[in-house]
2 protein chains.
Amino acid sequence: MIENNIATTIADRIFENLCSDIVKGEITAGSKISEPELSLRLKVSRASLREAIGRLEACNLVTRKANVGARVISLSEKKLIEIYHVREPLEGMAARLAAENITQDEIDNLQQLIKHHAYEVENGDGHTYFQHTGDLDFHYYIVQGSHNEQLISLLCNDLYHLMQMYRYQFGRISQRTLPAINEHQYVLGAIIDGDGEMAELLMRNHIRKSRRNIEKMITVVECGQLSDNLG
Amino acid sequence: MIENNIATTIADRIFENLCSDIVKGEITAGSKISEPELSLRLKVSRASLREAIGRLEACNLVTRKANVGARVISLSEKKLIEIYHVREPLEGMAARLAAENITQDEIDNLQQLIKHHAYEVENGDGHTYFQHTGDLDFHYYIVQGSHNEQLISLLCNDLYHLMQMYRYQFGRISQRTLPAINEHQYVLGAIIDGDGEMAELLMRNHIRKSRRNIEKMITVVECGQLSDNLG
DNA sequence: ACCAAATAAATTGTCGACATTTTAATTTAT
DNA sequence: ATAAATTAAAATGTCGACAATTTATTTGGT
């Protein structure tokens, strides 16, 4: 799990708490965010709370309507597929740029991460860990390795929490943990080789496979052959 | 130029005004945003102003530091190139999805837009119009045509204003107006044919060419062969 | 009993004032 | 005269209260 800066201001702290609660589903998807209720429960002024809500909106976790208020986004299969459609080219480019710009330290970090993933999955139930945070951590650090601030902003600020939210609350039934870890290894290999084109190709394939796997599962669920935990 | 919803709230109005002023350079890039000064000049409370500033931050036009305040982003060649690196795969995917999902009405609209661009450039100085708003309008409507909400959010909310800002304030010396309009025609053609793969390829090439053109101009400028209007 | 209009309650938007932190100016010491 | 320390000014963060809007309830009519 990625944890960055400490909260310096009240709004910061409230944002981080609410963000975590929404991502993990402790604040239900689709539910209303009541300012009076929350400001009372969290013991902060509505000003600080509204600042935090504004940031939740900025990272696409809530939607706001003027004079009506904020509401946690609702999850849907359609949106999840859309996210993968966006990630495929974006992270593909991230991998390409990482092949050009990544530092040795960042490579070391990624190699260690992959080793850790393999170990976790071999020994006991690493599936949950991997699917909740581990997988995304890999993608996160690849994006960081691109050293492209705009790309980092889009993926790590605007999309990351949303991706996390789906990871926590949506289908946890994927059988792709092992293949995914292998594909990570291939991507990183191309990056280490400095082969941007190959890295982009491999990353796009990796994400496309994840999407198609989900699309297949959705189809199965819709045909009533699996219990529906897709919200 | 794309103009959407009317401002329903004070913060909305202030946001739109500030956004426009920043994009056009009437509020200088890199300058500080003083809450007391602005709230006094615009005759609104700091609460409404701060709400607006928060949204400016969300669309990457200002940066904020806790206890220090907001500052208009500064423009740089590096950032501009970064934006093109992000746009290339993102809008490529947008074109691919548009080929699958665009409606006839949207196609008609785009064809009319291209016709308008060709006319403007033939008759008189359409270059300025095209480079300030026309070109981006085309890209904007292609993205809309993808019917992918996540993609639309990223490109039309998080990146659009930033792109506009560079269009207004950065190099207006491109000689690529005519080629660009032709390339637009090709992209739209592939979309109309429903050839997603081709549309993606053409869009990526179109944006890559723009980036390389800029990179070339930057090199020339750095060699002192052109007057520097690159901030 | 059901629907529309009017009223009441609750929620969001906006404001001015105070608290805390940062920045500028002044003082003091070397 | 310069630099560090102290003090003063200004800016941001936070708060509670009021205004405007939305939502829920009640009233009245058919």
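Because the structure is predicted, anything quoted here is derived from the model rather than measured.
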Without decimals, in angstroms, what is the distance between [X] [atom1] and [N] [atom2]?
X: A/Leu49; N: C/dT11; atom1: CG; atom2: P; answer: 13 Å
X: B/Lys65; N: C/dT23; atom1: NZ; atom2: P; answer: 7 Å
X: B/Leu40; N: C/dA17; atom1: CG; atom2: P; answer: 13 Å
X: B/Arg46; N: C/dC15; atom1: CZ; atom2: P; answer: 13 Å
X: B/Glu37; N: D/dA9; atom1: CD; atom2: P; answer: 21 Å
X: B/Glu35; N: D/dT12; atom1: CD; atom2: C1'; answer: 6 Å

Is the closest side-chain donor-acceptor distance between [X] and [Y] under 3.5 Å?
X: B/His139; Y: B/Glu91; result: yes
X: B/Glu106; Y: B/Thr103; result: yes
X: A/His117; Y: A/His184; result: no

- Which one is paired to C/dT26, where only Watson-Crick or G-U wobble pairs with both distances under 3.5 angstrom count? D/dA5
- A/Asn67 has a side chain; which of D/dG13, D/dT14, C/dG13 sits nearest to it?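 For the A/Asn67 side chain, the nearest candidate turns out to be C/dG13.
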- Query: Among C/dC15, D/dT14, D/dT22, which is the nearest nucleotide to the side chain of A/Thr9?
  - Reply: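 The listed nucleotide nearest to A/Thr9's side chain is D/dT14.
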- Message: Heavy atoms only, 4.0 Å cut-off, all strands: where does A/Ile33 land among base, sugar-phosphate and nothing?
- Response: sugar-phosphate
- Output yes when a side-chain donor or acceptor of B/Arg211 lies under 3.5 Å from a complementary backbone atom of B/Tyr84, and no otherwise.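 It does not hold such a pair.
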- So, is B/Ser45 close to the C/dG13 phosphate, meaning a side-chain N or O under 4.0 Å from OP1 or OP2?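 For C/dG13, OP1/OP2 do not have a side-chain N/O of B/Ser45 under 4.0 Å.
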